[in-house]
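Model, not experiment: these values are computed from the prediction. Both counts, for ligands and for their atoms, begin at 1 and track the order of listing.
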Amino acid sequence: MRASKRAAKRRGQTIATLKTKPIPDTHISGAEGICQRKEIQPIVQEYIDRAVAHPRGKPDSIVITIEELKKPLRSISALPVMTVKCGSSSRAEAITGILLRSSGVSMKAITSALSILQNRESMRGASLVLASSGQRVEPDMLRGVRASRFGIAGSAEKALTAELNMLGINTQTVREALVLASKVASCRDVMAEVCISDDPDYTTGYVASEGLGYIRIPHIKKKRDRRGGRIFFIREAADIPGVIAYLEKTPVIIQSIKPCPGEKNLDEIIDCHHQ
Ligand code: PML
């Protein structure tokens, strides 16, 4: 499901300039899953309810796509979930940098990513940034790359719900972000991901990678900030069309989960990573 709102015409913009410089629609909400045929109806209803009640505003377009999966599903495990202790947005920015550095992302690439995230209001898809040179390489910068075709099996979702419940973070936002991040991290050429929610009220983001796990970072942005998005850091020599094909088209399902250690100091997270 993708819900969006048509952009208002900018002052002074004529039909001619609109044709050459279209203003992108505002992204309101998105959701995604893999399910059995009999589950389609209630899930579609839930997605519609979610789209019309989203804090980013009322959409004027809700597009729902339902497709039969023809390719075999790849089974993966969810990343372990941790929340780093963090009390302020300046500390969150430092932590984000340290976690990305420990996943092998260069300072140049981190600076490039943070400026993409800070300068755009709600990117439609994710940006692809080369982890060493910091070059931005997604072919369509307005659209970005959409991680898609992922879901979680019922038994794994039940186990995840129980685990997150014990940590007091069992929300749809956390579960869905974890499923997406686990698919992204399972791509061979992806070294790490950073995500800041585009929901103006949601100030926890994350850094995720196969080695670190899914690290939630409170205060990654200030309240009422509508900017947000995802950056996938990929190896310098990555097969870019192959990465995009995997992220957008290969169906991936989470069949198992890993223990979720909960709240940790940054040092404990980094130490675990290097062991
Ligand atoms: C989003 O809005 O989709 C991003 C959600 C980030 C969730 C971070 C968390 O709380 O684990």
Novice: Identify all N/O pairs between ligand 1 and the protein with a separation under 3.5 Å and present them as a table of atom names and distances.
Specialist:
| from | atom 1 | to | atom 2 | distance (Å) |
| --- | --- | --- | --- | --- |
| ligand 1 | 2 (O) | Ser197 | OG | 2.8 |
| ligand 1 | 10 (O) | Tyr202 | OH | 2.5 |
| ligand 1 | 10 (O) | Arg216 | NE | 3.2 |
| ligand 1 | 10 (O) | Arg216 | NH2 | 2.9 |
| ligand 1 | 11 (O) | Tyr214 | OH | 2.6 |
| ligand 1 | 11 (O) | Arg216 | NE | 2.8 |

Novice: Could you give all pairs that pass the ring pair (Phe, Tyr, Trp, His ring centres under 6.0 Å) test and reach residues 38-94, with sequence neighbours left out?
Specialist: none
Novice: Determine, for Glu176 against Arg50, whether the closest basic-nitrogen to carboxylate-oxygen distance falls under 4.0 angstrom.
Specialist: yes
Novice: Residues two or more places apart in sequence or in another chain: which of them pass ring pair (Phe, Tyr, Trp, His ring centres under 6.0 Å) with Tyr214?
Specialist: Tyr206
Novice: Filter on ring pair (Phe, Tyr, Trp, His ring centres under 6.0 Å), then keep only pairs touching residues 230-255, sequence neighbours left out; what's left?
Specialist: none
Novice: Tell me whether Val44 shares a hydrophobic cluster with Leu69, the cluster being built from Ile, Leu, Val, Met, Phe, Trp, Tyr side chains joined at under 4.5 Å.
Specialist: no
Novice: Does either side chain, that of Ser256 or that of Ser77, offer a donor lying less than 3.5 Å from an acceptor on the other one?
Specialist: yes
